[in-house]
Amino acid sequence: MIAFFKRYVLHNFGLKVLSLLLAAGLWFLISHEEPAEVALRSPVVFQNVPPHLEISSESIPEAQIRVRGPERVIRQLQANEVRAEISLADVSPGERTFDLTSQQVRHPPDVAVVQVVPSQLHLYFDTRLTREVEIHPRVTGTFAEGEQISKVEADPPRITITGPRRHVEKVNAATTDPVDATGARGSAVFTTSAYVPDPLVQVVQPTSIRVTVTVQQLGSGSPH
């Protein structure tokens, strides 16, 4: 027993005592560290989104999340470590209000959520609609005296758009960026892009649009 005591307890006894004191001192510093707070802006993360459901609100505010914890932890905290999460598992088309509390916030275990602003989020939901619409080229320019634009064609002539049903149904056509055909004679081809003004409506497969502008003399027949 004495040999065991000497071998496992008294061996390097000074180093063991020093280690114990250092550990106790570190614990004391950490446990008595002054708390600190910081406010972080975080995008709201939507989870479990039902198929064919779209958020039809034009703006989704970020959440300002105020957290508190040991100063050393707060100083090292990254914005992406704190985020608000909302489950849309049981959401259907229409209006819905969500509470934003500490229960909806993911955060490191060493910090606590003090406040979430806004405390509620009011959103509109709609079913997703996908359909084709015509492309209407927008052509500007000045031409030689006696000449005018006789024909404008887009290739492809239609594009596919998608988004919340009520927004997509209101889109009559897509528009191209302005094409300046100044000085064009006969047929001239321009490459541009098409867009839809509604920010909630997306072009399914964005592609370059070839716009053919035909210019002819006033009073002359269509070119063959």
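Please read all numbers here as calculations on a predicted model, not as lab measurements. The analysis underlying the following values was restricted to heavy atoms, covering all of them including side chains, and did not include hydrogens, waters or symmetry mates. Count residues from 1 along the sequence.
T182 places a side-chain N or O within donor-acceptor distance of the main-chain N or O of T142, the cut-off being under 3.5 Å. A donor-acceptor pair under 3.5 Å links the side-chain atoms of S56 to the main chain of Y124, judged by distance alone. Using modelled atom types, no side-chain atom of S57 and backbone atom of S59 make a donor-acceptor pair closer than 3.5 Å. No donor-acceptor pair under 3.5 Å is formed between the side chain of Q76 and the backbone N or O of V73. Under the 3.5 Å distance criterion, the side-chain polar atoms of T192 are left unmatched by any main-chain donor or acceptor of T176. Put simply, the side chain of D198 gets close to the backbone of L200: a donor and an acceptor are under 3.5 Å apart. D126 contributes a side-chain N or O that, together with a main-chain N or O of R166, makes up a donor-acceptor pair within less than 3.5 Å. In this structure a side-chain-to-backbone donor-acceptor pair under 3.5 Å is missing from T127 to L53.
I86 and V45 fall into different hydrophobic clusters, where Ile, Leu, Val, Met, Phe, Trp and Tyr residues are linked whenever their side-chain heavy atoms come under 4.5 Å apart, directly or through other members. V49 and I60 fall within a single hydrophobic cluster, where Ile, Leu, Val, Met, Phe, Trp and Tyr side chains are chained together by heavy-atom contacts under 4.5 Å. V201 and I55 are assigned to two separate hydrophobic clusters, defined by single-linkage of ILVMFWY side chains at heavy-atom distances under 4.5 Å.
Between R138 and T175, the shortest heavy-atom distance links the atoms NE-CG2, 3.8 Å. Pairing each heavy atom of I209 with each of S193, the nearest pair is CG1-C, 4.2 Å. Between P137 and V211, the closest heavy-atom pair is CB-CG1, 3.9 Å. Of all the heavy atoms in A63 and A84, the pair that sits closest is CB-CB, 4.3 Å. The minimum heavy-atom distance between L40 and Q78, with the atom names listed, is CD1-O, 4.3 Å. In this structure, D180 and F190 approach most closely via the heavy-atom pair O-CE2, 3.6 Å.
When only modelled atom types and interatomic distance are considered, Q217 and E147 share a side-chain donor-acceptor pair under 3.5 Å. Remark: the E134 side chain and the H136 side chain contain an N/O donor-acceptor pair separated by less than 3.5 Å. For the 3.5 Å distance criterion, the side chains of E95 and H122 qualify, holding a donor opposite an acceptor.
Residues I135 and P157 are not in side-chain contact: their nearest non-hydrogen atoms beyond the backbone lie 4.5 Å or more apart. With contacts defined as side-chain heavy-atom distances shorter than 4.5 Å, the pair E85/Q104 does not qualify. Between S42 and V82, every side-chain heavy-atom pair lies at or beyond the 4.5 Å cut-off. D155 has its side chain out of reach of T212: every pair of non-hydrogen atoms, C-beta onward, lies at least 4.5 Å apart. Contact annotation: the side chain of S119 never approaches that of L100 to less than 4.5 Å [non-hydrogen atoms, C-beta and beyond]. Looking at R96 and F125, their side chains come closer than 4.5 Å, going by heavy atoms from C-beta outward. Using a 4.5 Å cut-off on side-chain heavy atoms (C-beta onward), I149 and V213 make contact. With contacts defined as side-chain heavy-atom distances shorter than 4.5 Å, the pair P108/L77 qualifies.
Within 6.0 Å of atom CZ in R41, more than 12 heavy atoms from other residues, nucleotides or ligands are found, so the atom counts as buried in its surroundings. Other residues, nucleotides and ligands contribute more than 12 heavy atoms inside 6.0 Å of the CZ atom of R66.
Atom CG of L88 is separated from atom CD of Q47 by 9.0 Å, given to the nearest 0.5 angstrom. Once rounded to the nearest 0.5 Å, the distance linking CG of L123 with CZ of F98 reads 6.0 Å. Atoms CD and CG, from Q120 and D99 in turn, are 5.0 Å apart once rounded to the nearest 0.5 Å. Between K170 atom NZ and R165 atom CZ the span is 13.5 Å, to the nearest 0.5 Å. The structure places CG of L129 at 7.0 Å from OG1 of T162, a figure rounded to the nearest 0.5 Å. Once rounded to the nearest 0.5 Å, the distance linking CD of Q205 with OG1 of T160 reads 7.5 Å.
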message = Under the criterion side-chain contact (heavy atoms from CB on, under 4.5 Å), I'd like the reasoning laid out for T130 against V204: C-alpha separation, chi angles, the key distance, then a yes or no.
response = CA-CA 9 Å; T130 301; V204 174; 4.3 Å; yes
task = List the steps and the verdict of side-chain contact (heavy atoms from CB on, under 4.5 Å) for V168 and R131.
result = CA-CA 8 Å; V168 172; R131 70 184 183 96; 3.7 Å; yes
request  = Determine, stepwise, if the pair V203 / Y195 fulfils side-chain contact (heavy atoms from CB on, under 4.5 Å).
outcome  = CA-CA 7 Å; V203 176; Y195 73 94; over 6 Å; no
inquiry  = Run T101 and V116 through side-chain contact (heavy atoms from CB on, under 4.5 Å) and show every step you take.
reply    = CA-CA 6 Å; T101 68; V116 183; 5.9 Å; no
